[in-house]
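Side-chain atoms are counted along with the backbone in the values below, which use heavy atoms only and exclude waters and symmetry mates. Position 1 is the first residue of the sequence; numbering continues from there.
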Amino acid sequence: MTTQRPKKEPIKVGVIGVGNMGQHHTRVLSLLKDVELVGISDVNLERGLDTASKYQARFFEQYQDLLRHVDAVCIAVPTLLHHEVGMTCLQMGVHALIEKPIAASIAEAESLVNAAAETNCILQVGHIERFNPAFQEFSKVLKTEKILALEAHRMSPYSNRANDVSVVLDLMIHDIDLMLEVVGAPVVQLTAAGNRASDSGHLDYVTAHLGFANGVVATLTASKVTHRKIRRIAAHCRHSLTEADFLKNEILIHRQTTANCLADYGQVLYRQDGLIEKVHTSNIEPLHAELEHFVNCVRGGEQPSVGGEQALKALRLASLIEQMAQDGKVWQQQEILAATSEFSAVMAG
């Protein structure tokens with residue numbers, strides 16, 4: 001456990017990688033209370049200097065030099081560099097928030113988790129949807145429901161960002177993490193299929209079907225080639241259907257009703273077949289909530305709600321889905337267990 005800091009002492013932070021996501025990290029960190037944005041680092045000299053100037057921070061051409069001046073960093077570099085940069089930070093005693101996925105491989109992720117434990121550093125992973133107000137309210141609603149099935153759709157038009165990984169590690173991993181959190185039971189059945197629409201060599205469209213030990217079934221679909229942006233998750237429950245739209249920040253609960261209106265002589269004039277409840281959510285920006293949580297963990301020495309272990313669990317399942325979709329075959333549970341020991345870790349919860 002890390003040492004608690006005096007509340008009046010600002011946390012000194014930096015950002016490594018100021019591409020699309022790193023720009024947002026820099027913006028939010030510059031607004032947080034009791035946080036000093038010390039500096040940023042990026043391999044793109046022009047972009048780095050412009051961003052540093054915009055937020056009145058120092059620019060470091062080598063990120064290792066930045067680490068000597070900060071307590072914590074946000075790492076928003078390409079996935080293939082997560083392990084290298086993250087290990088350097090942790091070994092220098094710098095707390096780190098690494099964008100999802102935690103790393104490009106399970107071995108690298110395990111290495112980061114172990115390094116954080118050995119150095120007593122905070123390791124948080126950017127599964128930002130956990131901090132989405134719509135998901136948080138969605139989770140509260142489901143605590144009083146019997147879940148039968150879940151379905152998630154996370155789709156985007158094609159772009160040039162995050163093309164170093166498949167759609168599973170780029171988009172689907174968000175919903176993998178959310179479903180593992182909501183269901184709270186190990187995965188015992190899995191099938192997946194996918195296709196490519198680009199020359200990147202990675203899958204661009206994947207659908208996965210999961211079965212959990214408590215009987216819940218789930219379907220996840222992720223796409224980089226859909227012509228409109230979709231971010232939705234739905235829970236089919238015994239007495240309701242609850243839908244969350246992360247783009248609209250909206251939750252709708254559909255319930256059955258038997259309400260009738262009777263006229264004279266017992267004739268039914270109308271029947272209300274269903275009732276729709278709209279759940280109000282806050283307007284807080286998920287990234288603001290995520291970074292505030294990270295800073296509070298650094299200050300108070302508590303472990304983050306989405307730490308390395310949780311991110312590793314999501315990565316294990318994502319890696320298996322990716323492998324199945326690439327192979328284009330349906331595996332039975334016995335074949336899965338024989339083919340990879342990683343699935344055993346997922347099943348162990």
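Residues F246 and V306 are members of separate hydrophobic clusters, defined by side-chain heavy-atom contacts under 4.5 angstrom among Ile, Leu, Val, Met, Phe, Trp and Tyr. By the criterion of side-chain heavy atoms lying less than 4.5 angstrom apart, applied directly or through intervening Ile, Leu, Val, Met, Phe, Trp or Tyr residues, I11 is grouped together with Y55 in one hydrophobic cluster. Both V183 and V141 are members of a single hydrophobic cluster when ILVMFWY side chains are connected at heavy-atom separations under 4.5 Å. The same ILVMFWY cluster, assembled from side-chain heavy atoms under 4.5 Å apart, contains both M179 and I321. There is a path of hydrophobic side-chain contacts, each under 4.5 Å, that joins L32 to V13.
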Full working for side-chain contact (heavy atoms from CB on, under 4.5 Å) between V167 and H202: CA-CA 8 Å; V167 71; H202 298 292; over 6 Å; no
CA sep, side-chain torsions, deciding dist, call: H293, Q124, side-chain contact (heavy atoms from CB on, under 4.5 Å): CA-CA 9 Å; H293 177 66; Q124 184 171 326; 3.6 Å; yes
Chi angles and distances behind the side-chain contact (heavy atoms from CB on, under 4.5 Å) call for M21, L287: CA-CA 10 Å; M21 199 63 198; L287 183 60; 4.1 Å; yes
R299 and D34: CA distance, side-chain angles, deciding distance, side-chain contact (heavy atoms from CB on, under 4.5 Å) verdict: CA-CA 10 Å; R299 182 180 299 283; D34 300 322; 3.5 Å; yes
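Ring-plane geometry between H174 and H127 is classed as perpendicular, the angle between the planes exceeding 60 degrees on a 0 to 90 degree scale with a lower cut at 30.
Taking CD of E322 as the start and CG of L169 as the end, the distance is 4.5 Å to the nearest 0.5 Å. A distance of 12.5 Å separates NE2 in H25 from CG in L37, rounded to the nearest 0.5 Å. With rounding to the nearest 0.5 Å, the separation of CG in L142 from OG in S240 is 7.5 Å. Atom CD of E302 is separated from atom CG of N296 by 8.5 Å, given to the nearest 0.5 angstrom. Rounded to the nearest 0.5 angstrom, L220 CG and H153 NE2 are separated by 9.0 Å. Atom CD of Q64 and atom SG of C89 lie 8.5 Å apart (nearest 0.5 Å).
Across all non-hydrogen atoms, the minimal contact from A104 to L80 is CB-CD2, 3.7 Å. Taking each heavy atom of I147 and V216 in turn, the nearest pair found is O-CG2, 3.5 Å. When every heavy atom of L190 is checked against every heavy atom of A208, the shortest pair comes out as CD1-CB, 4.5 Å. Here the closest non-hydrogen pair linking I173 and P101 is CD1-CB, 3.8 Å. In terms of heavy atoms, L312 sits closest to A109 at CD1-CB, 3.6 Å. Of all heavy-atom pairs spanning D42 and V18, the tightest one is OD2-N, 2.7 Å.
Side-chain atoms of F59 and I40, non-hydrogen and from C-beta on, do get closer than 4.5 Å to each other. Counting only heavy atoms from C-beta outward, the side chains of L180 and K313 approach each other to under 4.5 Å. At least one side-chain heavy atom of L203 sits less than 4.5 Å from a side-chain heavy atom of Q326. No side-chain heavy atom of T26 sits under 4.5 Å from any side-chain heavy atom of L29. Contact check for L210 versus L317: side-chain heavy atoms found under the 4.5 Å cut-off. Inter-residue side-chain proximity for L123 and I102 is flagged as met; some heavy-atom pair is nearer than 4.5 Å. For the pair V217 and H209, the minimum side-chain heavy-atom distance is 4.5 Å or more.
I16 pairs with exactly one of L66, V70, T88, I98 by the side-chain contact (heavy atoms from CB on, under 4.5 Å) rule, that one being L66.
Taking H69 as the reference, F60 meet the ring pair (Phe, Tyr, Trp, His ring centres under 6.0 Å) condition, with sequence neighbours excluded. For Y205, the side chain to side chain donor-acceptor pair (under 3.5 Å) test picks out no residue, with sequence neighbours left out. Residues satisfying the side-chain contact (heavy atoms from CB on, under 4.5 Å) test with S156, not counting sequence neighbours, are L171, K229, R231. Take R130 and apply the salt bridge (Lys or Arg N to Asp or Glu O under 4.0 Å) test, not counting sequence neighbours, and it matches D177, E181. Applying the side chain to side chain donor-acceptor pair (under 3.5 Å) test to E290 and every residue at least two apart in sequence or in another chain returns nothing. Under the salt bridge (Lys or Arg N to Asp or Glu O under 4.0 Å) criterion, E99 pairs with no residue, sequence neighbours left out. Under the salt bridge (Lys or Arg N to Asp or Glu O under 4.0 Å) criterion, E129 pairs with R154, sequence neighbours left out. Checked against side chain to side chain donor-acceptor pair (under 3.5 Å), D65 has the following partners two or more places apart in sequence or in another chain: R68.
Between the side chain of S139 and the main chain of F135, a donor-acceptor pair closer than 3.5 Å is present. Panel note: side chain S223, backbone V225; a donor-acceptor pair is recorded below 3.5 Å. Under the 3.5 Å distance criterion, the side-chain polar atoms of S41 are matched with a main-chain donor or acceptor of Y63. In this structure a side-chain-to-backbone donor-acceptor pair under 3.5 Å is present from H82 to V77.
Evaluation of the side-chain hydrogen bond (donor to acceptor under 3.5 Å, both in side chains) test over residues 279-288, restricted to residues two or more places apart or in two chains, returns R27-E285, N249-T281. The salt bridge (charged side-chain N to carboxylate O under 4.0 Å, His left out) analysis of residues 140-153, with sequence neighbours excluded, yields the pairs E137-K140, E145-R255. Within the structure, salt bridge (charged side-chain N to carboxylate O under 4.0 Å, His left out) pairs that include any residue of residues 107-126 comprise E110-R316 (at least two apart or interchain). Identified under the salt bridge (charged side-chain N to carboxylate O under 4.0 Å, His left out) test for residues 239-250, with sequence neighbours left out: E250-K278.
Remark: the Q91 side chain and the T119 side chain contain no N/O donor-acceptor pair separated by less than 3.5 Å.
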